[in-house]
Amino acid sequence: MADPFPPMPRRAKGARPRFHDEPAIDRLVRICVGLASEVSVLADRLATLELLSGVGPDAVDRFVPDAAERARREARREALVARVFAALDDELDGLRRGAEDGDYWATVRRIEEGEV
Amino acid sequence: MKRIEEQEAHAALAFGDHDDRARADFAFTLRHHVTQHWMPGTRLVFDARARHAFRAARGRDPQSPDEIRQAMDADPWYRFYLSARRASQEAIWAAVVPPAERLGPMPMPQRPRGSLKLDPSVRAPAYMAAIDIHCMPGGYLLDRGEGDTAAGAVYDRGVYLYMSGLMGPRNDAVGRLAVAHLQARLPHFRPTRILDVGCGVGHATLPWAEAFPEAQVTGIDVGAALLRHAHLRAEAFGLGVEFVQADAEATPFPDGAFDLVTSAIVLHETSIRGLRRILGECHRLLAPGGVMLHVDQPPFDPDDPWATFLQENETHYNNEPFWRRFRHLDLAAEARAAGFGRVELGTLAAEVVRQSQNNAPDDPRARSRGFLALLAFRDG
Ligand SMILES: C[S@@+](CC[C@H](N)C(=O)[O-])C[C@H]1O[C@@H](n2cnc3c(N)ncnc32)[C@H](O)[C@@H]1O
């Protein structure tokens, strides 16, 4: 059944603050957090498999994926890359929708001063 | 402090599959690490480096929160910390949005104890639409049509992770604190018509329904998807609550319709104008002799510029536009200006509060800090 709902936004309204003079560093921080998350997910998944299956490391080393399994893995890696490097896409997304975000501090001021 | 016990499952909650859960678990771990290991490290950085660098340039120590900020902003570790802290906040939402998104339209309960009244003509105040508070993508207002509960599902999971589980398996620690405070202060008061304004998904609403089972309990919020989730959740827990889509600044209820009007962690997310209108509306909605109780972040302590500096970071870096101004307000004076005669301020201290205070957990002063309870009485 097709999902009737449009996708949810992945990025919060409001400009992302800059913490480093060199913006690449903030991007790298996000990427590292994303990677750490994925590594943690994998470690949990492995632990689950070991618990449930009792399959040893030799059998894992001998295994070669067939075409269908290769396709599944490729799709999974693509999704992983999109998640880990979301910082780059977000920035493009922000540029595209820049007009919507307005100026964060102008909004804070309007809220603090009771204009809205 | 954290609590590893999993959040209590219910019909509307979306945990997702194995990897969604593992991603949420990681966001939980990282958030706790940020608040318990890195945040206290900021004080170390200040004492070991930032303070001296400031003194070398200015001939004295930084004193005000703004001067502390200037000193800290120059420190490379601190900048890296801020950057990672922001990313950890984003990691929470990145973990909980996808399983919520996959929910699709949720069927509403057939024979509910309570009810759900949505009103598409309700317009959200500008402060809700302008910025997504605490960086939650889509904010409180995201509504993709009939049966959409995703914003509620995202908020429900996000609160649990953000608060390191200290809100309890039902995310209701703040509501329970509010109920306990009212019962301690007014042991003979048995409200029969209770209104929870800005109820969200009902985390603080259900404790009122539990404590006063004979009362008619109503929750209002602007977010339709939050309210659908709230309705499903209350029914799943067997509690009858009336959820109504309404703006707390101008509700559809007649004068004097309630004998208790309450809110939990709502006022700091409004605006100076919104807050004043909400207090005025609470006054109008209360019957003579009625009680108003708001629980929220306490005012800043002028004797603790370090804590103020840390707390103001929520406005600087976590999309909390009103937080900073709110905490400089004299709420008792605001309540009096809204027409309340007798006003009492109280402090509610608990583990969950310390987590949300964003304070140095090793500072002994943090122990005695708590949420602010604003209790006010409408003249009889
Ligand atoms: C931090 S949440 C707290 C939700 C709930 N009280 C709890 O304790 O979990 C703030 C809530 O206030 C609501 N809110 C803010 N301004 C409002 C207004 N003017 N009218 C109705 N609801 C409002 C938001 O939609 C959001 O659900």
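Both backbone and side-chain heavy atoms feed into the values below; hydrogens, waters and symmetry mates do not.
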Closest-packed option against chain B by number of heavy-atom pairs under 4.5 Å, given A/Ser37, A/Cys32, A/Ser40, A/Ala86: A/Ser37
Select one option (side chain, backbone, both, neither) describing which atoms of B/Leu82 are under 4.5 Å from chain A's heavy atoms. both
What are the two closest heavy atoms between B/Arg144 and A/Pro6, and how far apart are they? NH1-O, 2.5 Å
What is the distance from atom CE of A/Met8 to atom CE of B/Met136, rounded to the nearest 0.5 Å? 7.0 Å
How close do A/His20 and B/Ser83 get, heavy atom to heavy atom, and via which atoms? CE1-CB, 3.8 Å
Given heavy-atom pairs under 4.5 angstrom as the criterion, report whether the side chain, backbone, both or neither of B/His316 touches chain A. both
So which bits of residues 45-53 of chain A come within less than 4.5 Å of chain B, counting non-hydrogen atoms only? A/Arg45, A/Thr48
At a 4.5 Å cut-off on heavy atoms, which part of A/Arg16 comes close to chain B: side chain, backbone, both, or neither? both
Looking at A/Asp26, A/Ile25, A/Val29, A/Leu42, which makes the most heavy-atom pairs under 4.5 Å with chain B? A/Val29
At a 4.5 Å cut-off on heavy atoms, which part of A/Ala36 comes close to chain B: side chain, backbone, both, or neither? both
Derivation of the side-chain contact (heavy atoms from CB on, under 4.5 Å) call for A/Glu112 and B/Arg324: CA-CA 9 Å; A/Glu112 291 189 338; B/Arg324 174 177 71 161; 3.3 Å; yes
A/Glu38 versus chain B, the contacting section by heavy-atom distance below 4.5 Å: side chain
Minimum heavy-atom distance A/Phe5-B/Pro105, with the two atoms named: CE1-N, 3.4 Å
Can you say whether the rings of B/Tyr317 and A/Phe19 are parallel (under 30°), tilted (30 to 60°) or perpendicular (over 60°)? tilted
Approximate separation, where rounding is to 0.5 Å, of B/Ile133 CD1 and A/Lys13 NZ: 11.5 Å
A/Pro9 versus B/Pro137, closest heavy-atom pair with distance: O-CB, 3.2 Å
Locate the shortest heavy-atom distance separating A/Val108 from B/Pro321; write the atom from each residue and the value. CG1-O, 3.7 Å
Step by step, would you call A/Glu22 with B/Arg79 a salt bridge (charged side-chain N to carboxylate O under 4.0 Å, His left out)? CA-CA 11 Å; A/Glu22 169 52 78; B/Arg79 290 195 193 193; over 6 Å; no
Charged N to carboxylate O under 4.0 angstrom, B/Arg325 versus A/Glu113? no
Which atoms of B/Glu90 approach chain A - backbone, side chain, both or neither, heavy atom under 4.5 Å: side chain
Within this structure, what is the CZ-CG distance for the pair B/Phe80 and A/Leu28, rounded to the nearest 0.5 Å? 8.0 Å
Portion of B/Ala91 that has a non-hydrogen atom of chain A nearer than 4.5 angstrom: side chain
Between B/Arg21 and A/Asp44, is the closest basic N to carboxylate O distance under 4.0 Å? no
Quick one: pull up OG1 in B/Thr315 and CD1 in A/Ile111 and give me the separation to the nearest 0.5 Å. 10.0 Å
What's the separation between atom OH in A/Tyr104 and atom CG in B/Asn319, rounded to the nearest 0.5 Å? 5.0 Å
Can you tell which part of B/Glu146 gets under 4.5 Å to a heavy atom of chain A, answering side chain, backbone, both or neither? backbone
Go through the steps for A/Arg110 and B/Arg273 under the test side-chain contact (heavy atoms from CB on, under 4.5 Å), then give the verdict. CA-CA 10 Å; A/Arg110 280 196 295 133; B/Arg273 182 163 100 174; over 6 Å; no
Which atoms of B/Thr270 come close to chain A, meaning under 4.5 Å heavy atom to heavy atom: side chain ones, backbone ones, both, or neither? backbone
